[in-house]
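Note that these values count all heavy atoms, side chains included, but never hydrogens, waters or copies made by symmetry. All of these numbers come straight from a predicted model, not from anything done at the bench.
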Amino acid sequence: MNRRLTVGPFNRVEGDLEVTLDITAGRVVSAQVSSSLYRGFEHILCTRHPLDALVIAPRICGICSLSQSAAAAAALAAASGQQMPANG
């Protein structure tokens, strides 16, 4: 049985967010996230040195700076073929 489940909009500090899931046989086979607010931080980082993400990404949000910093570090590790240490 195929079905589509849309959850949201969730009200966030920086605009609404909606999640759409395609479910087949009780498993999520596709997930899309839609947000009405585009802030463009990805473009700020495009021309910068990759390590600048460790300074810029935590400042994207004043509430969740730790998660943005951890995500930037994980992305840099993955892009460089490195493994994040368990305590890193």
K.L.:
Going from CD1 on Ile56 to CG on Leu45, what distance comes out if it is rounded to the nearest 0.5 angstrom?
P.N.:
5.0 Å
K.L.:
Show me the side-chain donor-acceptor pairs of residues 58-70 shorter than 3.5 Å, one per line, residues at least two apart or across chains.
P.N.:
residue	atom	partner	partner atom	Å
Arg59	NH1	Val55	O	2.5
Ser67	OG	Cys64	O	3.0

K.L.:
Side chains of Gln32 and Ser34: is there a donor and an acceptor less than 3.5 Å apart?
P.N.:
no
K.L.:
Indicate yes or no: at least one non-hydrogen side-chain atom of Val33 is less than 4.5 angstrom from one of Leu17.
P.N.:
yes
K.L.:
Quick one: side-chain contact (heavy atoms from CB on, under 4.5 Å) partners of Leu54, sequence neighbours excluded?
P.N.:
Leu51, Ala72, Ala73, Leu76
K.L.:
Would a single hydrophobic cluster contain both Leu5 and Val28, if residues Ile, Leu, Val, Met, Phe, Trp and Tyr are joined by side-chain heavy-atom contacts under 4.5 Å?
P.N.:
yes
